[in-house]
Amino acid sequence: MTSPAYDSSNIFAKILRGEIPSHKVYEDDHSVAFMDVMPQAPGHTLVLPKHPSRNLLDASPEALSQVIRVVQKVANAVKDAFDADGIYIAQFNEPSAGQTVFHLHFHIIPRHEGTALKPHSGKMEDGGVLAENARKIIEAMS
Ligand code: 5GP
């Protein structure tokens, strides 16, 4: 089945254009990382390529190779900042696979032994908490 084309009215495209705010932890010429507003665990961060693609299936190899380096960088910072036992990295392609926002992104979620994840796209986190979690990740990267 053919997937729909990229639609630049998606919420992450608006964040990339600066039309709506986010708690950003990293940005370079090709990629950006910010806090997920409905975290599945404290420190849940999203990493996106700036280049538009709906998901991984239509992304360019160049954009993928640039963004995966940032995924690794942010994952290490999140692990340090939240003293995590492990890091769960997730990426969904199309609604049937759980994708709800249609600009390619990777979820970076700290895991602690014995602690269950909260539901995907569950409860909105307080802005102050997101700001403090972003600060910890930025500090771990510096
Ligand atoms: P997907 O299901 O597409 O892989 O994940 C989309 C993610 O985006 C979800 O985890 C959801 O919590 C998050 N999200 C939805 N709207 C916003 C928003 O406006 N800002 C941020 N930072 N995250 C969002």
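Order of listing sets the numbers, starting from 1, for every ligand and every atom in it. All residue numbers in this chain count up from 1 along the given sequence. Treat the numbers as computed from the prediction; the structure is a model and nothing was measured.
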Could you measure the distance from the [atom1] atom of [X] to the [atom2] atom of [Y]? Nearest 0.5 Å is fine.
{"X": "Met124", "Y": "Met38", "atom1": "CE", "atom2": "CE", "value": "5.0 Å"}
{"X": "Thr45", "Y": "Met35", "atom1": "OG1", "atom2": "CE", "value": "3.5 Å"}
{"X": "Asp36", "Y": "Ile108", "atom1": "CG", "atom2": "CD1", "value": "11.5 Å"}
{"X": "Leu16", "Y": "Ser8", "atom1": "CG", "atom2": "OG", "value": "11.0 Å"}

Using distance alone, determine whether His120 and ligand 1 share an N or O pair under 3.5 Å.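 The answer is yes, given that His120 and ligand 1 share an N or O pair closer than 3.5 Å.
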Are any of the N/O atoms on Gly98, whether in the backbone or the side chain, positioned under 3.5 angstrom from an N/O atom of ligand 1? yes
Considering only protein heavy atoms, which is closest to [atom], and at what distance to one decimal place?
{"atom": "atom 15 (C) of ligand 1", "answer": "Met38 CE, 3.8 Å"}
{"atom": "atom 8 (O) of ligand 1", "answer": "Phe12 CZ, 3.3 Å"}
{"atom": "atom 7 (C) of ligand 1", "answer": "Asp36 OD2, 3.5 Å"}
{"atom": "atom 24 (C) of ligand 1", "answer": "Val37 CG2, 3.3 Å"}

Closer than 3.5 angstrom, by distance alone: can the side chain of [X] be matched with the main-chain N or O of [Y] as a donor-acceptor pair?
{"X": "Gln99", "Y": "Arg54", "value": "yes"}
{"X": "Ser31", "Y": "Asp28", "value": "no"}
{"X": "Asn93", "Y": "Asn55", "value": "no"}

What's the verdict on salt bridge (charged side-chain N to carboxylate O under 4.0 Å, His left out) for Glu132 and Arg135, showing C-alpha distance, side-chain angles and the deciding distance? CA-CA 5 Å; Glu132 173 59 12; Arg135 189 198 61 74; 2.8 Å; yes
What is the ring orientation for His107 with Phe92, classed by angle as parallel under 30°, tilted 30 to 60°, or perpendicular over 60°?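 Tilted, since the angle between the ring planes falls between 30° and 60°.
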Nearest to atom 5 (O) of ligand 1 by heavy atom, Lys123, His105, Gln99, Glu125: which? His105
Strictly under 4.0 Å, does any heavy atom of [X] approach an atom of ligand 1?
{"X": "His107", "value": "yes"}
{"X": "Ser22", "value": "no"}
{"X": "Phe102", "value": "no"}

Under 4.0 Å, heavy atoms only, figure out whether ligand 1 is touched by the backbone of Phe34, its side chain, both or neither. side chain
One residue to check: Met35. Relative to ligand 1, which of side chain, backbone, both or neither has a non-hydrogen atom less than 4.0 Å away?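 For Met35, the contact with ligand 1 is made by the backbone alone.
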As an exercise, identify every atom of ligand 1 less than 4.0 angstrom from a heavy atom of [X].
{"X": "Val101", "value": "3 (O), 6 (C)"}
{"X": "Ile15", "value": "20 (N)"}
{"X": "Ile11", "value": "19 (O)"}

